[in-house]
Chemist: 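Questions regarding the structure given below will be posed in turn.
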Amino acid sequence: MRIFIDTGSVAEVEEIAAWGVLSGATTNPTLLAKEEGDPGAIVQRICELAKGPTSAEVVSDQAGGMVAEGRALHELHEHVVVKVPFCEQGLAATHTLTSEGIPVNMTLVFSSNQALLAAAAGATYVSCFMGRLDDISIDSGVVVAEIVDAFRAGGTTSQIIAASIRHPEHVVTAAQLGCEIATVPAKVLRQMLDHPLTVTGIERFRADWETRPEFGEWLAALVSTRSGQPAGTATS
Ligand code: E4P
């Protein structure tokens with residue numbers, strides 16, 4: 001499963017992109033409204049940093065307006081995927097945009113029936129919101145599983161994005177169920193790093209190695225030899 005970052009923050013994308021785990025990004029109007037600066041420049045910078053599909057959302061409530069906004073957003077950067085909310089007008093806009101070769105992420109999908117309509121309209125990605133389903137006591141795992149099964153059975157090529165991710169367990173569930181992508185907030189990505197046994201394990205390896213100072217000198221010399229620099233001067 002590929003990992004996207006769900007954010008409007010360039011700083012967060014910079015931070016997480018450095019880990020080498022990102023395949024793309026998603027923004028939405030709520031996330032971008034929290035940021036200072038030109039939203040177009042923010043989306044372009046996120047595209048550059050994420051180096052993959054980056055969703056930017058339309059806000060019109062009519063198909064014609066969504067299509068006009070979608071065409072303009074896609075011109076911001078080759079990585080821009082137009083995010084379109086699920087509704088009748090959104091389906092029509094999705095059909096038009098994808099017919100023109102502009103990728104669409106159909107968002108705010110909460111049922112397998114909606115997902116099937118989004119796929120039928122030609123959506124490149126279909127975003128199922130896990131956290132918001134759980135918020136109203138609908139088991140998001142059951143809904144995502146239904147969507148995965150329905151898409152696989154019908155051979156649809158639309159990719160499923162697990163969205164509205166609230167905790168690391170949502171990410172694992174999305175992967176186990178066969179979602180192609182999870183779009184994950186930076187906070188949850190940082191939580192995914194954590195395990196106390198990793199921290200104590202690293203400390204123990206370092207402490208044991210330091211009981212043999214000659215081993216440290218040997219490793220520094222090995223690195224220097226390879227980089228053609230004298231021992232002790234090699235840079236990482
Ligand atoms: C998806 O692309 C949305 O931006 C996002 O996942 C919404 O999450 P929320 O329910 O936490 O706002």
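In what follows, every heavy atom counts, from backbone to side chain, and hydrogens, waters and symmetry copies are set aside. In listed order, ligands and their atoms are each counted from 1.
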Chemist: Mark up the atoms of ligand 1 that fall under 4.0 Å of a heavy atom belonging to Ala163, in ascending order.
Modeler: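 So the atoms of ligand 1 that pass are 1 (C), 6 (O).
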
Chemist: Check whether any N or O atom of Arg166, backbone or side chain, sits under 3.5 Å from an N or O atom of ligand 1, and answer yes or no.
Modeler: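 Checking ligand 1 against Arg166, an N or O pair does fall under 3.5 Å apart.
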
Chemist: What pairs with Leu116 under side-chain contact (heavy atoms from CB on, under 4.5 Å), at least two apart in sequence or on another chain?
Modeler: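 For Leu116 the side-chain contact (heavy atoms from CB on, under 4.5 Å) partners, ignoring immediate neighbours, are Ala150, Phe151.
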
Chemist: Please determine if Arg132 has a nitrogen or oxygen closer than 3.5 Å to a nitrogen or oxygen of ligand 1.
Modeler: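 Yes, at least one N or O pair falls under 3.5 Å.
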
Chemist: With respect to atom 3 (C) of ligand 1, which of Val184, Asn28, Leu133 exhibits the smallest heavy-atom separation?
Modeler: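 Going through Val184, Asn28, Leu133 one by one, Asn28 has the nearest heavy atom to atom 3 (C) of ligand 1.
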
Chemist: Using side-chain heavy atoms (C-beta onward) and a distance below 4.5 Å, is Val144 in contact with Thr173?
Modeler: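 The answer is no; the side chains never approach within 4.5 Å.
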
Chemist: Are Val171 and Phe4 connected in the hydrophobic side-chain network, where two residues link if heavy atoms are under 4.5 Å apart?
Modeler: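 Different hydrophobic clusters.
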
Chemist: Measure the shortest side-chain to side-chain distance between Met130 and Glu169 over non-hydrogen atoms and say whether it is less than 4.5 angstrom.
Modeler: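 Result no, sub-4.5 Å side-chain heavy-atom pair not found.
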
Chemist: Quick one: do the Ser60 and Glu69 side chains pair a donor with an acceptor below 3.5 Å?
Modeler: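 Not at all, the side chains of Ser60 and Glu69 share no donor-acceptor pair under 3.5 Å.
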
Chemist: Throw together a table of side-chain donor-acceptor distances under 3.5 angstrom for residues 70-78, partners on residues two or more places apart or in other chains.
Modeler:
residue, atom, partner, partner atom, Å
Arg71, NE, Glu100, OE1, 3.0
Arg71, NE, Glu100, OE2, 3.2
Arg71, NH2, Glu100, OE2, 2.5
His74, ND1, Val80, O, 2.8
His77, ND1, His79, N, 3.0

Chemist: Mark up the atoms of ligand 1 that fall under 4.0 Å of a heavy atom belonging to Thr26, in ascending order.
Modeler: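 Once the distances to Thr26 are compared, the set is 2 (O).
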
Chemist: Would Asp6 count as being in polar contact with ligand 1, using the rule that some N or O on each side must be under 3.5 angstrom apart?
Modeler: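 The answer is yes, given that Asp6 and ligand 1 share an N or O pair closer than 3.5 Å.
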
Chemist: Within ligand 1, which atoms have a heavy atom of Lys83 less than 4.0 Å away?
Modeler: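 Counting from 1, the qualifying ligand atoms are 1 (C), 2 (O), 3 (C), 4 (O).
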
Chemist: So, 4.0 Å and heavy atoms of Glu57: is ligand 1 close enough to count as a contact?
Modeler: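 Contact check Glu57 vs ligand 1: negative.
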
Chemist: Among all protein heavy atoms in this structure, tell me which lies nearest to atom 7 (C) of ligand 1, with the distance rounded to 0.1 Å.
Modeler: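 Of the protein heavy atoms, Phe129 CE2, 3.5 Å lies nearest.
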
Chemist: Check whether any side-chain heavy atom of Asp139 sits under 4.5 Å from a side-chain heavy atom of Leu133, and report yes or no.
Modeler: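 A side-chain contact is absent here, since even the closest heavy-atom pair is not under 4.5 Å.
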
Chemist: In ligand 1, which numbered atoms sit nearer than 4.0 Å to a non-hydrogen atom of Ser164?
Modeler: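 In order of number, 5 (C), 6 (O), 8 (O), 9 (P), 10 (O), 11 (O).
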
